[in-house]
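Keep in mind that this is a model prediction, so the values were computed, not measured. Side chains are part of it too, since the values below use all heavy atoms of this structure and drop only hydrogens, waters and symmetry mates. Along the sequence shown, residues carry numbers from 1.
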Amino acid sequence: MAHSDFLYPDNPRRRQEVNRLHQQLLDCLSDSFNATNKLIGVLNMHLRCSLASIEMKRDGTIKENCDIIIQAMMEIQKELQKVDEALKDKLEPTLYRKLQDIKERETEKIAIVQKVISVILGEATSAASAVAVKLVGSNVTTGIINKLVTVLAQIGASLLGSIGVAVLGLGIDMIFRAILGAVEKTQLQAAIKSYEKHLVEFKSASEKYHHAITEVTNIVKHQMK
């Protein structure tokens with residue numbers, strides 16, 4: 001037991017709690033990086049995008065890594081906006097409105113996109129049409145991605161933002177000291193509460209994002225059979 005533990009008997013419990021919360025944050029960040037790269041791969045292959053994959057900055061802070069994902073998502077949204085604008089331009093207004101109608105069957109939406117996708121991309125594939133429907137004619141960009149971007153921005157701007165990602169691989173005592181180096185001792189409890197609050201939102205947004213990307217990759221595999 002460290003000497004300070006005699007003065008602050010809650011320290012051992014806090015060390016354990018900080019370690020647990022750090023690991024959960026790392027898992028969520030890692031999942032978001034992986035899901036984003038999967039989405040980038042699908043867009044590059046099927047919608048002729050030229051998006052660069054992203055990598056976690058192991059020597060960076062939590063905020064820097066949140067910003068990497070946010071920047072990638074903004075680029076993805078720009079590319080999807082281009083596809084959306086092209087569909088709006090090429091389709092008759094009634095058909096375009098059907099793409100936005102959540103009650104419309106997905107197979108019908110794919111058939112609509114298939115009519116003009118060759119003009120937009122230079123070739124027509126059912127996989128490309130399915131990707132366009134899943135990502136443009138749905139709430140993935142307007143809802144799920146925007147929510148995750150908001151949560152990541154909040155985490156980066158919080159007490160957690162200045163903490164380095166590298167400490168996540170260290171022992172409990174080293175992590176605890178790193179946290180104390182990033183925040184005042186009087187803020188430690190606030191930092192732990194901040195972790196707990198943001199992790200609830202991050203986990204929820206990350207799971208929905210990951211599920212949406214999995215749906216996209218699954219429909220692509222189905223269309224390519």
Side-chain angles (χ1 to χ4, degrees), residues 14-44 49-81 135 140-184 187-214 216-217:
R14 288 178 181 175
R15 287 191 184 93
Q16 294 286 349
E17 184 68 2
V18 165
N19 185 58
R20 182 182 69 82
L21 294 171
H22 259 298
Q23 189 57 53
Q24 288 184 18
L25 182 65
L26 176 61
D27 290 343
C28 283
L29 275 174
S30 180
D31 285 346
S32 294
F33 270 91
N34 291 335
T36 301
N37 280 330
K38 281 184 181 179
L39 178 56
I40 286 171
V42 168
L43 292 174
N44 287 346
C49 300
S50 300
L51 296 163
S53 60
I54 58 176
E55 187 175 344
M56 184 177 284
K57 189 176 181 181
R58 296 288 173 177
D59 60 346
T61 63
I62 290 173
K63 182 182 187 306
E64 286 174 325
N65 280 282
C66 287
D67 287 346
I68 291 171
I69 301 173
I70 290 171
Q71 183 60 41
M73 289 181 169
M74 290 174 66
E75 294 299 323
I76 288 169
Q77 287 178 312
K78 285 180 184 177
E79 293 297 325
L80 294 176
Q81 183 63 34
L135 296 175
V140 172
T141 52
T142 57
I144 295 174
I145 290 181
N146 284 345
K147 177 60 178 177
L148 188 52
V149 166
T150 299
V151 171
L152 286 167
Q154 289 172 345
I155 291 172
S158 72
L159 285 173
L160 315 179
S162 61
I163 298 170
V165 168
V167 303
L168 294 169
L170 303 177
I172 294 174
D173 287 341
M174 291 292 290
I175 292 173
F176 194 67
R177 283 199 288 272
I179 298 290
L180 290 178
V183 302
E184 296 292 333
Q187 292 180 303
L188 182 59
Q189 203 60 28
I192 291 175
K193 289 180 179 178
S194 181
Y195 265 115
E196 292 172 337
K197 174 183 179 294
H198 290 302
L199 273 170
V200 170
E201 297 176 340
F202 193 8
K203 281 182 179 180
S204 176
S206 181
E207 286 172 2
K208 289 177 182 177
Y209 178 59
H210 193 274
H211 178 71
I213 305 310
T214 300
V216 173
T217 55

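Between the CD1 atom of I70 and the OG1 atom of T150 there is a distance of 8.5 Å, given to the nearest 0.5 Å. From K63, atom NZ reaches atom CG of L152 across 11.0 Å, with rounding to the nearest 0.5 Å. A distance of 9.0 Å separates CG in N65 from CG in D59, rounded to the nearest 0.5 Å. Distance check: H210 NE2 to T36 OG1 gives 10.0 Å after rounding to the nearest 0.5 Å. Rounding to the nearest 0.5 Å gives a distance of 6.0 Å between CG of L43 and CD1 of I76. To the nearest 0.5 angstrom, Q24 atom CD is 9.5 Å from E196 atom CD.
Minimum heavy-atom separation, L25 to I62: CD2-CD1, 3.3 Å. The two residues A205 and V151 have their closest heavy-atom pair at CB-CG2, 4.3 Å. Between S53 and I40, the shortest heavy-atom distance links the atoms CA-CD1, 4.2 Å. Residues Q77 and I145 come closest through the heavy atom pair NE2-CG2, 3.6 Å. The two atoms that bring M56 and S30 nearest to each other are CE-N, 3.7 Å, heavy atoms only.
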Open item on the list: Could you walk me through whether S206 and L29 satisfy the side chain to side chain contact (heavy atoms under 4.5 Å, CB included) test, starting with their C-alpha distance in whole Å, then the side-chain angles of each, then the deciding distance to 0.1 Å, before giving a yes or no?
Closed with: CA-CA 9 Å; S206 181; L29 275 174; over 6 Å; no
Open item on the list: I'd like to know whether V216 forms a side chain to side chain contact (heavy atoms under 4.5 Å, CB included) with K38, so could you lay out the CA-CA distance, the side-chain angles of the two residues, the decisive distance to 0.1 Å, and finally the verdict.
Closed with: CA-CA 10 Å; V216 173; K38 281 184 181 179; over 6 Å; no
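For H198, the side chain to side chain contact (heavy atoms under 4.5 Å, CB included) partners are Q154, I155, S158, L160, S194, E201, not counting sequence neighbours.
No side-chain donor-acceptor contact under 3.5 Å links D67 and Q71.
Taking 4.0 Å as the cut-off between side-chain N and carboxylate O, E75 and K78 count as a salt-bridged pair.
Under the side chain to side chain contact (heavy atoms under 4.5 Å, CB included) rule, Y209 has a single partner from I69, L39, D31, which is L39.
Of the possible donor and acceptor atoms, one in the side chain of N44 sits under 3.5 Å from a partner among the backbone N and O of L51. At least one donor-acceptor pair under 3.5 Å links the side chain of S32 to the backbone N or O of C28.
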